[in-house]
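What follows is a single structure, written as structure tokens, with notes after it.
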Number of protein chains: 2
Amino acid sequence: MKNDCKLCAIKSEAASKLSTEEMEKLSFSCALVKFRKGDSLIRQGTFSTNVAYLRSGLAKVHIAGPYHEQIVRIVKSPSYLGLPTTFGDKINQYSVTVIDTAEVCFIDINAFRSLLKANPEFSYEIMLELCRNELEVFYRCANRTQKQIRGKIADVLLEMSERIYGNEKFSIPLNQEDLGNLVDSSRESVSRVLTEFEKDGIIKLSGKKVEITNKKSLLLISANG
Amino acid sequence: MKNDCKLCAIKSEAASKLSTEEMEKLSFSCALVKFRKGDSLIRQGTFSTNVAYLRSGLAKVHIAGPYHEQIVRIVKSPSYLGLPTTFGDKINQYSVTVIDTAEVCFIDINAFRSLLKANPEFSYEIMLELCRNELEVFYRCANRTQKQIRGKIADVLLEMSERIYGNEKFSIPLNQEDLGNLVDSSRESVSRVLTEFEKDGIIKLSGKKVEITNKKSLLLISANG
DNA sequence: ACAAAAATGTGAGCTATATCACAAAATAGT
DNA sequence: ACTATTTTGTGATATAGCTCACATTTTTGT
């Protein structure tokens, strides 16, 4: 066990409250694994026996919509992935795929559950995360259904810059097809808007690199218009 | 305390594990209140000191979108409302409004928290509900963004009939404006589709009463087309 | 029971954006 | 370094559904 792993820390803390038998019965091994862009952490329709703790990196949560893939939200570390499967739903209702090099710690669902039982603080934290997730999806959903394309893309760019990278310069970890699925529009429209933004001097593009040069405009377009 | 209230039952069970001081410090009173259609249980932007337990009735969760109101999901009893405020978000990020006569039990947030601490089973149940909510929002979101109007409305009708009422005949608790906000389209389009469905003999309408007369067609349209 | 208010039905345009169809550019694989 | 593949840019066209506008019906309040 590495003590720089938050999950492990919680585990060892909890362990002190569990009997030795219980400890041995459950698999508390902490398997840290590295993943690259495109690797799948959770696959919709499959059965999971682990919760994945995203220690570093980024992932996308996506579901197969009635017509095409929809990217529901971008997950930033630290985050627990695959919780619904832990609480009764046997089958994963969504997929999670790495979009930027990630380190993930897996923990057996039953072990995870007993951590929750033994540690109310931890439960509390998980509930907080679940609530946040729901609120985030609310927000995204209102955004993607009400704004028009320019506003939606402005929104994504701002989210990347603020919530995800904390920097005006960053590298979009998604191609335009994915951006379309995140924003519910076509790849072509995404392309058009992006070049439009560049022409208007709002952003600078070179390959995947983006720099927001006129944040005010973006904010306006996002609130929009 | 009435013992037909599930929340009360949990409370008294939990109470036995708490010291008398703790019990007295916290308000465990169970105030059962009746509400009518249109009454507000939670108002976006305000601060809550209670969790609301919906014992009976229906409510809509809605948020102020960038342009217009969006109905995020329909809540059926039993359900706990206002959880995010319990876990750190001080301000309600959404509104909840009764749409069909409801009985609600309020419990002080701090009391609720100590219930969670004292009762891992209860925590577990809450986490389950939070996960379900998130998944439901995923599903709704994919639906409302990808299908076209006929499919979306077919979907809502099926949901009402199946999840909400468990009957082919029911009374829509929403007006067409609300239906539009639930489905992300205009009041007028909702009207058009509804009368279209009636003409095609898929549903029978009289005022708010709906009867699904051709479920197969609805399923087809929802999966659609 | 009656007036006032709210909710619904329906027509006629308008428009944002999807779709199709390529060309060009960038990336990856060997 | 060179193909093969994936990703991106951009025009032309079609269309679902929004908006506006008004008539009609239903519901509400007194």
Side-chain angles (χ1 to χ4, degrees), chain A residues 36-39 65-71 97 99-100 143-157 171-200 203-210 221 224-225, chain B residues 36-39 65-71 97 99-100 143-157 171-200 203-210 221 224-225:
Chain A
R36 287 175 317 154
K37 182 167 184 164
D39 290 338
Y67 278 96
H68 47 82
E69 195 85 345
Q70 175 166 82
I71 298 180
T97 304
I99 57 172
D100 205 354
N143 247 286
R144 78 203 308 163
T145 49
Q146 291 190 27
K147 289 185 188 171
Q148 48 201 70
I149 257 214
R150 284 166 54 90
K152 296 196 278 188
I153 292 186
D155 198 77
V156 168
L157 292 173
S171 221
I172 311 193
L174 299 170
N175 62 24
Q176 297 185 350
E177 177 87 35
D178 271 358
L179 282 175
N181 291 337
L182 180 57
V183 125
D184 284 295
S185 33
S186 65
R187 195 217 96 218
E188 293 93 326
S189 299
V190 172
S191 176
R192 275 184 255 265
V193 171
L194 245 26
T195 46
E196 205 182 307
F197 281 176
E198 173 145 56
K199 268 176 198 151
D200 295 351
I203 57 175
K204 247 188 226 161
L205 293 170
S206 73
K208 297 257 162 231
K209 305 223 177 203
V210 187
I221 295 170
N224 107 314
Chain B
R36 287 177 316 155
K37 181 167 184 163
D39 290 338
Y67 278 97
H68 47 81
E69 196 83 346
Q70 177 166 80
I71 298 180
T97 304
I99 57 172
D100 206 352
N143 248 285
R144 76 201 311 160
T145 49
Q146 292 190 28
K147 289 184 188 170
Q148 49 201 71
I149 255 214
R150 285 167 53 90
K152 295 197 276 187
I153 291 188
D155 198 74
V156 169
L157 292 173
S171 220
I172 313 191
L174 300 169
N175 62 23
Q176 296 184 352
E177 176 88 37
D178 272 358
L179 282 174
N181 291 337
L182 179 58
V183 125
D184 284 292
S185 33
S186 66
R187 193 217 97 218
E188 294 93 325
S189 299
V190 171
S191 176
R192 274 184 256 267
V193 172
L194 246 25
T195 47
E196 206 182 305
F197 281 178
E198 173 146 56
K199 266 176 201 154
D200 295 350
I203 57 175
K204 246 189 228 163
L205 293 170
S206 73
K208 297 260 165 227
K209 305 224 176 202
V210 186
I221 295 171
N224 120 308

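Lettering of chains follows the sequences in order, A, B, ..., and the numbering in each one begins at 1.
Across the protein-nucleic acid pair, Ile99(B) atom CD1 and dA7(C) atom P stand 14 Å apart, rounded to whole Å. At whole-Å resolution of the value, CD in Glu196(A) and P in dA16(C) are 12 Å apart. Protein atom CG of Asp178(B) is 9 Å distant from nucleotide atom P of dA7(C), rounded to whole Å. Summarising the geometry, the separation between CD1 on Ile172(B) and P on dA7(C) is reported as 14 Å, rounded to the nearest angstrom. The CZ-P distance, from Phe197(B) to dT8(C), rounds to 17 Å in whole Å. The NZ atom of Lys147(A) sits 13 Å away from the P atom of dT17(C) (whole-angstrom rounding). As a whole-Å value, the separation of Gln148(A) CD from dT19(D) C1' is 13 Å. Residue Glu188(A) contributes atom CD, which lies 10 Å from atom C1' of dT8(D) at whole-angstrom precision.
For the OP1/OP2 pair of dG9(C) and a distance below 4.0 Å, the side-chain nitrogens and oxygens of Gln176(B) include at least one atom meeting the criterion. A sub-4.0 Å separation between OP1 or OP2 of dT17(C) and a side-chain N or O of Ser189(A) is absent. Taking side-chain N and O atoms only, Thr195(B) has no distance below 4.0 Å to OP1 or OP2 of dT8(C).
Looking at heavy-atom distances under 4.0 Å, Lys152(B) makes no contact with the nucleic acid at all. Using a 4.0 Å heavy-atom distance criterion, Ser191(B) is classed as a base contact. As judged by a 4.0 angstrom heavy-atom cut-off over every strand, Ser186(B) is placed among the base-contacting residues.
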Task: Step-by-step side-chain contact (heavy atoms from CB on, under 4.5 Å) determination, Lys208(A) to Asn175(A) - done: CA-CA 8 Å; Lys208(A) 297 257 162 231; Asn175(A) 62 24; 3.7 Å; yes

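Nearest nucleotide to the side chain of Asn175(A), out of dT8(D), dT19(C), dA16(D): dT8(D). Among the nucleotides dA12(D), dT17(C), dC18(D), the one closest to any side-chain atom of Arg192(A) is dA12(D). Distances were taken from every side-chain heavy atom of Lys208(A) (C-beta onward) to each of dG9(C), dA18(C), dT8(D); the shortest belongs to dT8(D).
Between the side chains of Gln146(B) and Asp184(A), no donor-acceptor pair of N or O atoms lies under 3.5 Å.
Using a 4.5 Å heavy-atom cutoff, the side chains of Val156(B) and Ile153(B) are not in contact. Put simply, the side chain of Leu205(B) reaches to within 4.5 Å of the side chain of Val210(B), judged on heavy atoms.
In terms of position along DNA chain C, the nucleotide closest to Glu177(B) lies nearer the 5' end than the nucleotide closest to the other residue of the pair Glu177(B) and Gly207(A).
Judged by distance alone with a 3.5 Å cut-off, no donor-acceptor contact links the side chain of Arg187(A) to the base of dT17(C). With hydrogens and angles left out, the side chain of Arg150(B) and the base of dG17(D) share no donor-acceptor pair within 3.5 Å.
Remark: Lys209(B) NZ is loosely packed, at most 12 non-hydrogen atoms of other residues, nucleotides or ligands lying under 6.0 Å away.
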